[in-house]
Amino acid sequence: MIRTATPADVPVIHEMVRELADYEKALHEANATEEQLREALFGERPAAYAHIAETADGRVAGFALWFLNFSTWRGVHGIHLEDLYVRPHLRGGGHGKALLTELARICVARGYERLEWSVLDWNTPSINFYKSLGAGPQDEWTVYRLTDEALTTLGS
């Protein structure tokens, strides 16, 4: 049901990234191209990784795209889950849990001590799902982000 993504999966990953952006009411912000995803996942120096969830008959049900982070407090790497997406008509079939289970397995096998991700505060179905797995919100932390003009201004 869960497998490591291959270069042949890039078009369907790109399609699902756009589906996720649409679900999150931010399709206008989803500018990544297939080539950018291909380079990030399978280029000379991959910086991101992906797993695919498939149905019993081999249809792609969803994906997880992740990268390594590092905790200076714990002194070890962890996984930051950038995107977890299961196609709406296939939700409830265990694909999301299977993807998270695979990432947790990788953490345990490699000695990583954290698996973390962000969720929009209005996404109650996902929040309830994550809580059912034992995940807890980090309410005392607020994410800050520099993009576009602010990033260019600071970096120039």
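Counting from 1, the numbers follow the sequence of the chain as shown. These numbers come from a predicted model, not from an experiment.
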Are [X] and [Y] side-chain neighbours, meaning at least one heavy-atom pair lies under 4.5 Å?
{"X": "Glu102", "Y": "Ile106", "value": "yes"}
{"X": "Arg74", "Y": "Glu113", "value": "yes"}
{"X": "His95", "Y": "Phe63", "value": "no"}
{"X": "Ile79", "Y": "Phe67", "value": "no"}
{"X": "Tyr49", "Y": "Leu65", "value": "no"}
{"X": "Leu41", "Y": "Ile13", "value": "yes"}
{"X": "His80", "Y": "Leu68", "value": "no"}
{"X": "Val76", "Y": "Arg114", "value": "no"}

Check for me, please, whether [X] and [Y] land in the same ILVMFWY cluster - side-chain distances under 4.5 Å, paths through other members count.
{"X": "Val17", "Y": "Val12", "value": "yes"}
{"X": "Leu133", "Y": "Ile127", "value": "yes"}
{"X": "Leu84", "Y": "Val119", "value": "yes"}
{"X": "Ile2", "Y": "Leu81", "value": "yes"}

Start with the C-alpha gap between Glu116 and Asn69, add the side-chain angles, then the distance that decides, and say whether side-chain hydrogen bond (donor to acceptor under 3.5 Å, both in side chains) holds. CA-CA 9 Å; Glu116 58 190 15; Asn69 58 19; 3.1 Å; yes

Is the backbone N or O of [Y] less than 3.5 Å from a side-chain atom of [X], with the two atoms forming a donor-acceptor pair by type?
{"X": "His14", "Y": "Ala32", "answer": "yes"}
{"X": "Glu39", "Y": "Gln36", "answer": "no"}
{"X": "Ser132", "Y": "Phe129", "answer": "yes"}

More than 12 heavy atoms of other residues, nucleotides or ligands under 6.0 Å from CD of Glu44: is that the case? no

Which heavy atom of [X] sits nearest to which heavy atom of [Y], and what is that distance?
{"X": "Tyr23", "Y": "Trp122", "answer": "O-CH2, 3.5 Å"}
{"X": "Ala61", "Y": "Thr55", "answer": "CB-CG2, 4.1 Å"}
{"X": "Gly43", "Y": "Pro46", "answer": "O-CD, 3.3 Å"}

Ionic contact status for [Y] with [X], cut-off 4.0 Å:
{"X": "Arg18", "Y": "Glu15", "answer": "no"}
{"X": "Arg3", "Y": "Asp9", "answer": "yes"}
{"X": "Arg87", "Y": "Glu19", "answer": "yes"}

Could you label the plane-to-plane angle of the His51 and Trp66 rings as parallel, tilted or perpendicular, counting under 30° as parallel and over 60° as perpendicular? parallel

